[in-house]
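No hydrogens, no waters, no symmetry mates; every other heavy atom, side chains included, goes into these values.
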Amino acid sequence: MKRRTGTAAQESPETRNRRTGTAAREPLGVRQGSRRASAFLARRSLATHRRAWAAVIVATGAAAALIGAFAFVIGSLLVAVPPVQRYAGADAVVAADQKVSYTAKPWGSEPRTTTAYLPERARLDRSVLAAVVGADGVAKAVADDSVPVSMGDGRAAVGRSWPSAVLTRYELAEGRAPRDATEVVLDGSLAAGGTAPGERVVLRADGTARTYTVSGIARTGHGGDAPPTVFFTEPRLAALAGHPGRIDAIGVVAEPGVSPNALRDAIGAVLPERSGVPGSDRGVRVLTGAERGEAEHVDALGGRGDQLALLGSIGGTVLMVALLVIASTLSQAIHQRAGELALLRAVGASPRQLRSAIGREAGRVSAAAALLGGIGAVPLGLAMRSLLTTETLPLPVPWWLPPAAALTGGLLVALLARPVAMLAARSITRLRPAAALGAATADEPSGPGRFRTVAGVVLAFAGISSAGVATTQSGQAAGAAASGAAMSLVIAVALLGPRVSRIALGVLGRPLRRVGGVSGFLAERAASAHTRRLATAFTPIVLVVAFVCVQLASGPTMERASGHQASAALRADLVATGGGAGLPAGAARAVREAPGVTAATGVLRSTVVLADRQAGEPVLTRLPVLGVEVRGLSGTLDPRVTAGDLDRLTGRDAVAVGADRAKSLDVGPGDRVALRLGDGTRVKPRVVAVFEHELGLGEFLFPREALAGHVSAARDQVVLIRTEAGTGAGSGADPAAAVRQALAPYGGGVTVRAATGDDVAIAPPVSDGDNAVIVIGVGVIGGFALLAVVSTLALITIGRRGEFRLLRMVGTGRRQLRRMLVLETGLVTFAGLVIGTAVAAVPLTAFAVSLAGTAPYLPPAHYGVIAGAVALAAAAGTLIPGAAAGGRFVLGRRAG
């Protein structure tokens, strides 16, 4: 064995361990001394860099609050159930299953099953009632149906049979029960104007408005949460419901002493396996306790599933944003101390001591951030919950949810901060003391390392590729998919930041010098010397611009394209609406007979469920559709048929399909397409036409009679009217007045106005739930991203105190220094806006061109607000800390 010579041979074991970072063979006293040294370094560093760490605490604490708030809302949604109002007096409710399932075998995998909630009520055969009546423990079983009712003054109510009043604990306060088809009992809230038994009221439940005699006034003692109700006799209610032989549900009152579980088992033992409705394969459910609300609000859980899917997608983006912000701020805080750490390494601090010191600092900082974030997560989560809660699905706050949400956000930040900080310092702590001495005064690396470059290129490619996924979605889901693709590109920009910074400086550097003079020269040289710092500065701006643009532009892009197609398809010049109760089929027939009317079409909106595969996975998609009457349709709507004949859209076995959907399903005129109607009934209608305006009118057009028996209420939302005035052959009479006169027998609440594309556009108006998701996605996350902009830029500015002092000492004037900061802020803001817009344009263009055939659209005012908010945040993060960073050396009268 050769003998070692030189310095290596003279090293002591302690020196070798300190150089190599090995601690396993250190004596106990040495290890304890190392820990004491690490603790000392951590304490001194926290005191010295308290302003920088304060900026880190703000950013990471906000990330913890945001993560905890999303955990709060998602947890509340998971346990939310529809409220029990209508069936508060029932011990159990028997109803058809509102879920539909689809099983398929993905590529190279076992068969999988997916489920979806039906948007329309699935009904039971009336024969099921006899089986329930005979079950053990049942004291009373009542068939329950409902119909929409419009009062004479236009107020909306619900019509039910008087025997079903027991299910809501209604009792007569005045008068008696109705005895024939001409009598009704009014809910006390409807009789608040002084209506008394014996008086007459005008009601529209089906067909024209009729006058009824009030036989009694009923009031409920369970709190008054049920909607205003009008009670008819049971035969009259069955006739108004329009689905003979079928019922909505069965309410059950148990005998005294029978428990809910025993009642459920007894009823389940006598029930048929299926609902008994022809064409339906729905099972039968027995609902007790809180489950009873599912029979009242049939689509509440479906809406909950949609919200969970959207919030889950946005939550994934939130997690990525939080991780990016935490990593960015901690890395910048450590990077600004690279010279200090290298000097400590050069004077003998071991890698273990440095890593331990940095870990202790990050641990204490993350603990403070986790505490602040956990406290902030609860009020933020409550605010988000208030936006999402509705009457049909109130979001509960169980006792365990606030601490669980706070712990989720805080724990995640606490677990991430220490390893991220130690990883950021890895390049310094691994240096040998001699090399560290040179690194303490070396320039900043000019570009990212090999790993960052490869990872950035891979993520950029993945982001561009995954933008295509947005083309398979629609509406808010398309926006969520696009935002996910944008996040991949944002992270790619963060990883490739120094290279992107050099490109930005190559474009903006010369104009900056020309405009700014001496200050512009200083700003350009400072940015060129610190491209990594510049990249860190504009990365959060890229994040907020890309994310908010995707969220704000996806909806308007689709709505604009849908509105254009609907307007192009519209041929009617008037439209009639019937308020909350809608209009029965007879209204369109009455309008056709009005003087000056050439065509009238009733429009019935519903939803179908399409079973399909995406990448081999089974998928159930709910698609809104229109039901129309073909008579006079060419005068009110032009779907732009490209194949087939729309005049054949009659009966119950016909459907017209949008061109893009027909292409994806590979069907044409004469083919059949398998669908599930809104109540789950399986149908396979024949395609009679293919049309182009599917964004405006929906992907399927059905004959009205094919949908009428499968919706919760067969009422036309609008009646489209074409008049002689609209055709240019005016007769001199007022067609709108003639239409109003024709609809006068249908009671109050009916309006007639000029028709617009919004009246037929299949895309429904933005709901409160959609607005809440937009507010959460744009407001909450956008606000957090802006806070990240402020904290990141403040952290960078605080770390430049020495640079500012040196500039003042060599003669830079106060105004020059201030102008330099302003120009740097403008450079960072402009570069971030341009890059962020480009990042957002990739996924937005992909799904806009594929789904809408147009370029993405964002209202200029919205983009102006984004740019203004980013500029204000950048100014706050740079100019305010910059004014104080150098103390009197920056703003004082002396240069040193």
Side-chain angles (χ1 to χ4, degrees), residues 53 55-75 310-334 362-363 365-381 383-384 404-421 423-424 459 480 483-495 536 539-548 550-551 776-795 836 839 873 877:
W53 283 122
V56 174
I57 289 175
V58 170
T60 53
L66 191 61
I67 294 171
F70 263 83
F72 186 103
V73 172
I74 291 175
L310 289 175
L311 285 175
S313 177
I314 296 177
T317 303
V318 167
L319 187 59
M320 294 299 296
V321 169
L323 292 176
L324 183 61
V325 169
I326 292 172
S328 176
T329 52
L330 280 172
S331 297
Q332 180 62 26
I334 300 300
V365 168
S366 64
L371 179 61
L372 293 176
I375 295 173
V378 176
L380 183 58
M384 292 167 60
L407 184 62
T408 299
L411 188 61
L412 186 60
V413 167
L415 291 176
L416 285 175
R418 183 182 177 96
V420 167
L423 183 63
L459 279 173
S483 67
M487 272 305 304
S488 297
L489 295 175
V490 168
I491 298 174
V493 169
L495 293 174
T536 303
T539 294
I541 298 178
V542 172
L543 170 66
V544 65
V545 172
F547 180 81
V548 174
V550 167
Q551 292 295 317
I776 291 173
V778 175
V780 178
I781 303 178
F784 166 69
L786 287 174
L787 182 61
V789 171
V790 175
S791 61
T792 301
L793 293 179
L795 176 63
V839 167

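The shortest non-hydrogen separation linking A64 to A369 is CB-O, 4.3 Å. Here the shortest heavy-atom pairing between V325 and A788 reads CG2-CB, 3.7 Å. S366 and V413 make their closest contact through CB-O, 4.1 Å (heavy atoms, listed as atom of the first residue, atom of the second, distance). Closest heavy-atom contact between G782 and V544: O-CG2, 3.8 Å. Scanning both residues, A65 and L380, for their nearest heavy atoms gives O-CD2, 4.0 Å. When all heavy atoms of T329 and A59 are compared, the pair lying nearest together is CG2-CB, 3.8 Å.
With rounding to the nearest 0.5 angstrom, the CD1 atom of I776 is 11.0 Å from the CD atom of Q551. Here the CG atom belonging to L459 is positioned 8.5 Å from the CG atom belonging to L489, to the nearest 0.5 angstrom. To the nearest 0.5 angstrom, I326 atom CD1 is 6.5 Å from T60 atom OG1. For the atom pair CD1 (I67) and CG (L319), the distance works out to 5.5 Å, reported to the nearest 0.5 Å. Atom OG of S328 sits about 12.0 Å away from atom CG of L323, to the nearest 0.5 Å. Rounded to the nearest 0.5 angstrom, L412 CG and T408 OG1 are separated by 8.5 Å.
In this structure the side chain of I314 reaches within 4.5 angstrom of the side chain of F70, judged on heavy atoms.
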- Task: Output, in order, the C-alpha distance, side-chain angles, deciding distance and verdict of side-chain contact (heavy atoms from CB on, under 4.5 Å) for L543 and T539.
- Result: CA-CA 6 Å; L543 170 66; T539 294; 5.6 Å; no

